[in-house]
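I'd like to ask you about the structure that follows.
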Amino acid sequence: MDIKKVEEAVKVILTEMGEDINREGLIETPNRVARYFQEIGSAIVTEPPNLKVFTNEEEYDQMIVVKEIPYYSICEHHLVTFFGTVAVGYIPNGKYVGLSKVARTVDYFSRKPQVQERLTEEIADYLFKGLEPQGLIVVVKGRHFCMEARGIKKPGAETVTSAIRGDIDKQEFLQLLNTTK
Ligand code: ZN
């Protein structure tokens, strides 16, 4: 990314808002914003995490639930933050994955202009491919600043999306989510 170019773009936005881009508080802002976009867009230019899997030696065949994985993304319609948590449930078929790899997968797919629906699908597809489980479910909860702070202004409203791959009982997953609260 050409940081200087993005800095110039940020200066244009601030100037058009009526701001004095030379006042003290704003001097470093174009550079900070450019770096912010570089970081939040890192998934566009990097590879997804290597999913190191373990063999399921115990032949455990019940559902495994990993939940409350936080994510921070930007909505591709307004370039403002949406954030929330992800829960993943899967029934292994010979392979396990470490919690940190699930968290990294979530992190990776949230680091680009996104919509919550696609984020959910991409996490599900990537984990399903890497884990080859009997079944997998991903539930994403999100709060969208573009919805809360502008437009229809609904503070606190939460959007829930889900994706299912293979054979898995959604009811059992939801029960496990609630009993472990
Ligand atoms: Zn939006």
Side-chain angles (χ1 to χ4, degrees), residues 1-21 23 25-49 51 65-89 100-130 136-165 170 173-174 177-178 181:
M1 185 169 121
D2 186 337
I3 293 276
K4 284 275 168 254
K5 263 192 186 166
V6 182
E7 282 179 15
E8 289 311 311
V10 176
K11 283 179 192 168
V12 171
I13 293 171
L14 287 169
T15 305
E16 290 305 312
M17 283 169 74
E19 270 292 0
D20 168 12
I21 54 166
R23 72 177 172 85
L26 289 179
I27 284 287
E28 296 296 325
T29 300
N31 184 260
R32 286 193 209 101
V33 175
R35 289 178 193 286
Y36 166 75
F37 278 113
Q38 191 172 46
E39 189 186 336
I40 203 82
S42 60
I44 303 165
V45 289
T46 54
E47 294 294 312
L51 276 189
V65 174
V66 186
K67 60 173 204 166
E68 303 285 333
I69 304 164
Y71 73 88
Y72 297 88
S73 190
I74 48 171
C75 110
E76 68 182 24
H77 304 131
H78 303 93
L79 298 187
V80 293
T81 303
F82 72 95
F83 72 103
T85 57
V86 177
V88 176
S100 68
K101 295 294 179 185
V102 179
R104 267 198 208 140
T105 300
V106 168
D107 222 39
Y108 177 77
F109 289 106
S110 57
R111 297 221 167 253
K112 59 184 173 181
Q114 261 292 17
V115 293
Q116 189 179 322
E117 292 81 354
R118 194 196 310 126
L119 175 65
T120 313
E121 299 283 336
E122 286 182 343
I123 294 168
D125 285 336
Y126 193 70
L127 291 176
F128 192 71
K129 206 175 124 211
L136 177 129
I137 180 167
V138 175
V139 171
V140 179
K141 290 186 200 170
R143 287 182 57 187
H144 297 247
F145 283 172
C146 59
M147 212 162 79
E148 298 193 24
R150 55 159 294 288
I152 58 167
K153 291 205 179 85
K154 282 268 173 281
E158 205 169 50
T159 306
V160 182
T161 48
S162 66
I164 292 181
R165 300 290 180 270
K170 191 175 181 178
F173 171 74
L174 293 175
L177 266 194
N178 290 328
K181 242 177 199 162

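First listed ligand is number 1; within each ligand, the first listed atom is number 1.
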*So with a 6.0 Å cut-off around OH of Tyr72, is the heavy-atom count from everything else above 12?*
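No, not enclosed.
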_A side-chain contact here means heavy atoms from C-beta on lying under 4.5 Å apart; do Val88 and Leu127 qualify?_
yes
*asked:* Under 4.0 Å between a side-chain nitrogen and a carboxylate oxygen: does that hold for Lys11 and Glu8?
replied: yes
*Min side-chain heavy-atom separation Leu119-Phe82 under 4.5 Å*: yes
*Which pairs, with at least one residue in residues 119-130 and sequence neighbours excluded, count as a salt bridge (charged side-chain N to carboxylate O under 4.0 Å, His left out)?*
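Pairs touching residues 119-130 that pass the test: Lys112-Glu122, Glu121-Arg165, Asp125-Arg165.
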*What count do you get for protein N/O/S atoms less than 2.8 Å from the Zn ion (ligand 1)?*
3
*To the nearest 0.5 Å, what is the distance between CD1 (Ile123) and CZ (Phe109)?*
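Taking CD1 in Ile123 and CZ in Phe109, the distance rounds to 7.5 Å.
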